Q: 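Mind looking over this structure? Questions follow.
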Amino acid sequence: MQLALQMISGYGAEFSAWRMPGTEPAAYTNTDGYVERAKLAEKGKFQMIFIADTPALTVDLGPQTPMFPMDPMLALMAVARETKHIGLVATLSTTFNYPYNIARQFKALDVISHGRVGWNAVTTSDPLAAANFGAQIASRKERYDMAHNPYKLSKLCGGVGIQMLGR
């Protein structure tokens, strides 16, 4: 069995938890919190941490905090410097990121973490994400065709541990 810890909003999977007494309201942007949870997971022999992401704001900020407030690559850079063994996996959209930038970001994390990187490559289909980029959602076929370019480029840039997981 392999164990993975999914880091969501700084409060766990319940998005109204930030309202609980004693909860730190700014926890969703606390990089030290990501590091602390990653260290606990590493101590508990988890194989990896996973930070999902979407290039869209998908919740009402009145009653809820953002689901994925920190850029996963930046959060994992902080975690990489403070951990030794745990794997670091991030979601990054192949639809709204350039192949070279994806390869460069993952290669940097790969170097900083000494090879502990994984990529949850997704082909974003959310119209809210497309609106952030002034675009329309491409067809499923077009999105998956686009996904192969960053995948191939990332492999050429040093073999970052990549597994394609589509949505």
Side-chain angles (χ1 to χ4, degrees), residues 1-18 20 23-24 26-59 64-97 99 101-126 128-129 143-144 146-148 150-155 157-167:
M1 176 185 341
Q2 292 192 0
L3 299 174
L5 173 65
Q6 181 175 0
M7 295 189 181
I8 300 183
S9 65
Y11 309 105
E14 175 48 56
F15 297 109
S16 296
W18 67 275
M20 305 242 345
T23 301
E24 172 59 42
Y28 73 100
T29 58
N30 183 347
T31 306
D32 293 335
Y34 282 89
V35 170
E36 182 181 327
R37 289 187 301 276
K39 283 181 170 181
L40 286 171
E42 185 172 63
K43 185 177 179 181
K45 304 300 181 196
F46 279 60
Q47 280 70 41
M48 70 189 85
I49 59 171
F50 169 62
I51 301 179
D53 193 32
T54 181
L57 184 60
T58 59
V59 297
Q64 297 175 315
T65 60
M67 232 172 113
F68 309 111
M70 295 291 292
D71 181 303
M73 298 303 288
L74 296 177
L76 289 176
M77 291 284 183
V79 169
R81 298 295 298 151
E82 299 293 328
T83 57
K84 300 288 182 223
H85 305 289
I86 198 161
L88 310 169
V89 181
T91 296
L92 202 61
S93 171
T94 59
T95 306
F96 296 109
N97 288 287
N101 290 339
I102 293 171
R104 185 174 183 219
Q105 288 179 316
F106 276 100
K107 185 58 184 177
L109 184 57
D110 187 55
V111 169
I112 289 168
S113 70
H114 305 288
R116 297 181 284 137
V117 177
W119 175 24
N120 177 31
V122 296
T123 62
T124 304
S125 61
D126 185 341
L128 292 173
R143 290 193 323 271
Y144 276 85
M146 288 169 48
H148 287 285
Y151 174 76
K152 288 187 286 190
L153 187 57
S154 293
K155 293 297 274 185
C157 285
V160 173
I162 298 170
Q163 182 170 350
M164 295 287 283
L165 302 173
R167 281 191 194 171

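These figures come from a predicted structure and were not determined experimentally. Nothing fancy with the numbering, it's 1 onward along the sequence.
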Q: Give me the atom names and distance for the closest heavy-atom approach of L5 to R37.
A: CD2-O, 4.0 Å
Q: What are the two closest heavy atoms between I112 and R81, and how far apart are they?
A: CG2-CD, 3.5 Å
Q: Apply side chain to side chain donor-acceptor pair (under 3.5 Å) to residues T91 and N120 and explain how you reach the verdict.
A: CA-CA 4 Å; T91 296; N120 177 31; 2.8 Å; yes
Q: Locate the shortest heavy-atom distance separating I102 from L92; write the atom from each residue and the value.
A: CG1-CD2, 3.7 Å
Q: With a cut-off of 3.5 Å and sequence neighbours excluded, list every side-chain donor-acceptor pair involving residues 42-51.
A:
residue, atom, partner, partner atom, Å
E42, OE1, K84, N, 3.4
E42, OE2, K84, N, 2.9
E42, OE2, H85, N, 2.4
E42, OE2, I86, N, 2.9
Q47, OE1, L3, N, 2.5
Q47, NE2, K45, O, 3.2

Q: Do you know the tightest heavy-atom contact between A90 and M73?
A: CB-SD, 3.9 Å
Q: Taking all non-hydrogen atoms of both residues into account, name the closest pair between M146 and T94 and its distance.
A: CE-O, 3.8 Å
Q: Report yes or no: is the cationic atom of R104 (NZ for Lys, CZ for Arg) under 6.0 Å from the centre of the six-membered ring of F106, at an angle within 45° of the ring normal?
A: no
Q: What's the separation between atom NZ in K39 and atom OG1 in T83, rounded to the nearest 0.5 Å?
A: 8.5 Å
Q: So E36 and D32, side chain to side chain contact (heavy atoms under 4.5 Å, CB included) or not? Walk me through it.
A: CA-CA 6 Å; E36 182 181 327; D32 293 335; over 6 Å; no
Q: Could you list the residues that satisfy ring pair (Phe, Tyr, Trp, His ring centres under 6.0 Å) with F96, not counting sequence neighbours?
A: F133
Q: Using atom types as modelled and distance alone, determine if a side-chain donor or acceptor of S93 lies under 3.5 Å from a backbone N or O of T95.
A: yes
Q: Holding to side-chain hydrogen bond (donor to acceptor under 3.5 Å, both in side chains), I want the full list of residues that pass it with S113, two or more places apart in sequence or in another chain.
A: none
Q: Considering all heavy atoms of both residues, which atom of A80 and which atom of R116 are nearest to each other, and what is their separation?
A: O-NH2, 3.0 Å
Q: How far does OG1 of T31 sit from CD of E82, to the nearest 0.5 angstrom?
A: 11.0 Å
